[in-house]
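What follows is a short report on a single structure.
As the structure lists them, so they are numbered: ligands from 1, and atoms in each ligand from 1.
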Amino acid sequence: MKTWFISDLHLDIHRPEIIQLFLEFLEQIKPQADALYILGDLFEYWVGDDMLELPKFKSFSAVISKLNELNQAGVDLYFIAGNRDFLIGDDFAKKTGCQLLPDHYLIQLYGKATLIMHGDTLCTDDIEYQKLRTILRSENWQKTFLNLSIEERIQQAQELRDTSKRKTITKQAYILDVNQTVVENIMQEHHVTQLIHGHTHRMASHSFSLNKQTAKRIVLGDWHDAAHFLAVDSDRYILQ
Ligand code: MN
């Protein structure tokens, strides 16, 4: 039995092949999973759980049912919000059987204290993004946004996405990556030597020294062209 970690699938109704890939992935891991941790950006965008009622998003219903099927089969499901799907709410949680976790969360991974997160909070060199994040994560903004009609919300989400894409092109690579000092500070605050996150789409396992101990930061891959995951059991880590 293994514990699985995924992030950055960016599921989109316009890319049915990735939705299909995810459904197959869930079917494959079902008999060999203790738990599945989804570390954000499962969806390309999420404007509120009521979007599932729109006929155009009906391909997401299969994802919801499949997740629920895993949960019913005894797989613990956990979700940490990404920068695209932070409006996933209680209705989604109830329908899938996912437990919604806070932004930074400490788990015991077969005895190893491990901090898990989406990873956007580590990218502090992107000051512009961090400012936007503070607004989007505020209760005030979310309340106002969720009161808009669903069409208006989709429109705004698309505009935010387009702006973010335009700006990303102009930003230097280091700005879009994690800040190592922030990584080390957060790990020390939580007394861990292991961190798992996504967001940057730069799949890798980084080792470095932290308080004279070897620390590890595992970055999950995105699902742009293929399924990527981290699978952990009591004696090994598979990152692919
Ligand atoms: Mn992200």
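- Hydrophobic clustering keeps Ile80 apart from Val182 (ILVMFWY residues linked when any side-chain heavy atoms are closer than 4.5 Å, directly or through intermediates).
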message = For a salt bridge (Lys or Arg N to Asp or Glu O under 4.0 Å) check, start with the C-alpha distance between Lys2 and Asp34, then their side-chain angles and the critical distance, and finish with the verdict.
response = CA-CA 6 Å; Lys2 294 183 176 71; Asp34 282 326; over 6 Å; no
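- Among residues two or more places apart in sequence or in another chain, the side chain to side chain donor-acceptor pair (under 3.5 Å) test is passed with Thr121 by His104.
- Inspection of the environment of the Mn ion (ligand 1) yields the following protein N, O or S atoms under 2.8 Å: Asp41 OD2, Asn83 OD1, His118 NE2, His199 ND1.
- Applying the 6.0 Å contact sphere to CG of Asn140 captures no more than 12 heavy atoms from other residues, nucleotides or ligands.
- For Tyr37, the ring-ring contact (aromatic ring centres under 6.0 Å, His included) partners two or more places apart in sequence, or in a different chain, are Phe5, Tyr78.
- Evaluation of the ring pair (Phe, Tyr, Trp, His ring centres under 6.0 Å) test over residues 54-75, restricted to residues two or more places apart or in two chains, returns Phe43-Phe60, Phe57-Phe60.
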